[in-house]
Amino acid sequence: MAVTRLGGVKGMNDILPADSGRWQQLESLVASWARSYGYAQIRTPIVEPTALFTRGLGSVTDIVEKEMYSFEDALNGEHLTLRPEMTAGVVRAVIEHNLLYDGPKRLWYFGPMFRHERPQRGRYRQFHQIGVEALGFAGPDVDAEIIAMCQRLWDDLGLSGLTLQINSIGDSADRARHREELVAYLTRHESVLDAEAKRRLHTNPLRILDSKNPAMQAVIDAAPRMVDFLESSARAHFDALRSRLADLGIAATVNPRLVRGMDYYNRTVFEWVTDKLGAQATVCGGGRYDPLIGMLGGKPAPACGFAIGVERLLDL
């Protein structure tokens, strides 16, 4: 009787000896780069409580609704998830170990994440991210710092053609006013919306602005812009960030449609994008997430960070 040959899980790739040297080289360069900005490495478990992500990311986000690898522990009935991203886990560790007791912290990580997606170039079910988290820092200076870190990394790697897009999604009161106007506007154009947009209309309407459906682009382009709803403090923060980036010589395009897929973001959001990877244009995404530490049970503190897709970086 023939023995069936077993293969790996679709979308979870082996890194063979011919390629592992490139990974090791990148890891070494990243460790040196992060240290030069005063960031210390943190390593958290691959498995976390499912509630960490449903509470932190938002129960109506694509990641929580469709992409997480979640299961019930057969021994004790705990609901667990393979981490789909690492910011929530880092914040959980910061709270659990009281890392902010003596002041702000700069942390970085490098490791695998897991999402149940349709595998394609630059998008895998097990993928790797480099990330930094600056916790306890308010104001636009640290936002500019982490963006400048990205530019430095691209320069160290000899990469060109990466462009920066930024936006502000304001604070909770700003988003509430914008949401009301956005829902009213999209409801008037509901006949143009696809099934996914209609599903999101009353749960997560901001994500509709990120749709790539060509039939919806004219409606999306004319939608109310979040930046027009910013109160004075959020607007001053965004204006100061743009000024600091200009001082650093970092070109940034304001993209009023730019949002992030997790509920914990506020104020600054940004992406570094390229036209060299086909449909997977985003190489790095991040922003400010001041609400998250409080959302996860810690003493509220400001924070911001980003994550870089390692496979996409190596493709470049």
| said: Between Val227 and Phe238, is there a side-chain heavy-atom distance shorter than 4.5 Å? | reply: yes

| task | Look at atom CG of Asp155 and say whether more than 12 heavy atoms of other residues, nucleotides or ligands are closer to it than 6.0 Å. | result | yes

| Donor on one side chain, acceptor on other, Tyr289 and Glu133, under 3.5 Å | yes

| said: Working note: Ile208 + Met216, criterion side chain to side chain contact (heavy atoms under 4.5 Å, CB included); need CA distance, chi angles, decisive distance, verdict. | reply: CA-CA 9 Å; Ile208 297 175; Met216 293 167 47; 3.9 Å; yes

| Between Gln165 and Thr253, a side-chain donor and acceptor under 3.5 Å | no

| note | Heavy-atom closest pair (Asp143 atom, Cys304 atom, distance to 0.1 Å) is OD1-SG, 4.0 Å

| Asp14 side-chain N/O to Leu16 backbone N/O, donor-acceptor pair under 3.5 Å | no

| Is it the case that Gln217 and Arg257 place a side-chain donor and acceptor less than 3.5 Å from each other? | yes

| message | For a quick test of reading the model, state the closest non-hydrogen atom pair linking Ser70 to Thr81 and the distance between them. | response | OG-OG1, 2.7 Å

| request: Provide the closest heavy-atom pair for Gly170 versus Leu230 in the form atom of the first, atom of the second, distance. | output: CA-CD2, 3.4 Å

| query | Within a strict 4.5 Å, meaning less than it, do heavy atoms of the Thr274 and Thr163 side chains meet? | reply | no

| message | Between Glu48 and Arg92, does any side-chain N to carboxylate O distance fall below 4.0 Å? | response | yes

| query | If Ile, Leu, Val, Met, Phe, Trp and Tyr residues are connected whenever their side-chain heavy atoms lie under 4.5 Å apart, and connections chain through other members, are Leu135 and Tyr101 in the same group? | reply | no

| message | Using side-chain heavy atoms (C-beta onward) and a distance below 4.5 Å, is Met113 in contact with Gln126? | response | no

| field | Residue pair Leu201 / Thr187, side-chain heavy-atom distance below 4.5 Å | value | yes

| request: Ignoring hydrogens and angles, state whether a donor on the side chain of Asn255 or Asn167 is under 3.5 Å from an acceptor on the partner side chain. | output: no

| query | Does the pair Arg177/Glu180 count as a salt bridge with the N-to-O cut at 4.0 Å? | reply | no

| request: Flag the pair Arg106 and Glu145 as a salt bridge only when some basic side-chain nitrogen lies within less than 4.0 angstrom of an acidic carboxylate oxygen. | output: yes

| field | same_hphob_cluster(Tyr124, Ile46) at 4.5 Å side-chain heavy-atom cutoff | value | no

| task | For the pair Trp33 and Tyr37, name the ring-plane relationship: parallel under 30°, tilted 30 to 60°, perpendicular over 60°. | result | perpendicular

| query | Is Tyr265 reaching over with its side chain to a backbone N or O of Asp290, donor-acceptor style, under 3.5 angstrom? | reply | no

| Which atom of Ala148 lies closest to which atom of Ile250, heavy atoms considered | CA-CD1, 3.7 Å

| query | Checking side chain to side chain contact (heavy atoms under 4.5 Å, CB included) for the pair Ile293/Lys299: CA distance, chi angles, key distance, verdict? | reply | CA-CA 7 Å; Ile293 296 176; Lys299 182 180 178 180; 5.8 Å; no

| query | With distance as the sole test, does Arg200 use its side chain to make a donor-acceptor pair with the main-chain N or O of Pro205 at under 3.5 Å? | reply | no

| query | Hey, do the aromatic rings of His128 and Phe110 have their centres closer than 6.0 Å? | reply | no

| said: Any salt bridge linking Arg235 with Glu231? Criterion: basic side-chain nitrogen under 4.0 Å from a carboxylate oxygen. | reply: no

| query | Would you call His79 and Pro49 a side-chain contact if the rule is heavy atoms closer than 4.5 Å? | reply | no

| query | Do Leu82 and Met68 pass the side chain to side chain contact (heavy atoms under 4.5 Å, CB included) test, and can you show the C-alpha distance, the side-chain angles, and the key distance before you say yes or no? | reply | CA-CA 7 Å; Leu82 296 178; Met68 294 200 315; over 6 Å; no

| Shortest non-hydrogen contact between Arg288 and Pro302, atoms and distance | NH1-CB, 3.6 Å

| said: Contact between Gln129 and Ile308 at the side-chain level, heavy atoms closer than 4.5 Å - yes or no? | reply: no

| query | Within a reach of under 6.0 Å around CD of Glu190, are more than 12 heavy atoms found that belong to other residues, nucleotides or ligands? | reply | yes

| request: Examine distances only and state if a side-chain atom of Lys105 and a backbone atom of Leu99 form a donor-acceptor pair shorter than 3.5 Å. | output: yes

| Just checking, is any N or O donor in the side chain of Ser36 or Arg152 under 3.5 Å from an acceptor N or O on the other one? | yes

| Can any side-chain N or O of Lys10 pair as donor or acceptor with the backbone N or O of Gly8 at less than 3.5 Å? | no

| query | Between CZ of Arg242 and CG of Asp247, what distance do you get to the nearest 0.5 Å? | reply | 13.0 Å

| Is Val30 reachable from Ile42 through a run of hydrophobic residues whose side-chain heavy atoms are each under 4.5 Å from the next? | yes

| query | Is Asp171 reaching over with its side chain to a backbone N or O of Asp174, donor-acceptor style, under 3.5 angstrom? | reply | no

| request: Return yes if some donor-acceptor pair links the side-chain N/O of Arg125 with the main-chain N/O of Arg115 below 3.5 Å, else return no. | output: no

| said: Is there a continuous path of hydrophobic side-chain contacts, each under 4.5 Å between heavy atoms, that joins Ile146 to Phe137? | reply: no

| task | Taking the side chain as every heavy atom from C-beta outward, state whether Leu162 and Leu159 have any pair of such atoms under 4.5 Å apart. | result | yes

| said: Looking at Cys284, is its backbone amide N or carbonyl O close enough to the side chain of Thr282 to form a donor-acceptor pair, meaning the two atoms are under 3.5 Å apart? | reply: no

| request: Would you kindly confirm whether Phe306 and Met86 end up in one hydrophobic cluster when ILVMFWY residues are joined by side chain heavy atoms under 4.5 Å apart? | output: yes

| Expected output: side-chain Thr54 to main-chain Ala51 donor-acceptor under 3.5 Å | yes

| message | Set out, in order, the CA-CA distance, both residues' side-chain angles and the distance that settles side chain to side chain contact (heavy atoms under 4.5 Å, CB included) for Tyr109 and Ile130, then state yes or no. | response | CA-CA 6 Å; Tyr109 60 81; Ile130 300 160; over 6 Å; no

| Can a donor-acceptor pair be found between the side chains of Arg267 and Ser233 at a distance below 3.5 Å? | yes

| request: Identify the heavy atoms of Trp272 and Cys150 that sit nearest to each other, and give their distance. | output: NE1-CB, 3.3 Å

| said: I want to check something: taking the side chain as every heavy atom from C-beta on, are Glu72 and Glu78 in contact at a cut-off of under 4.5 Å? | reply: no

| query | Do the charged groups of Glu181 and Arg225 touch, with an N to O distance under 4.0 Å? | reply | no

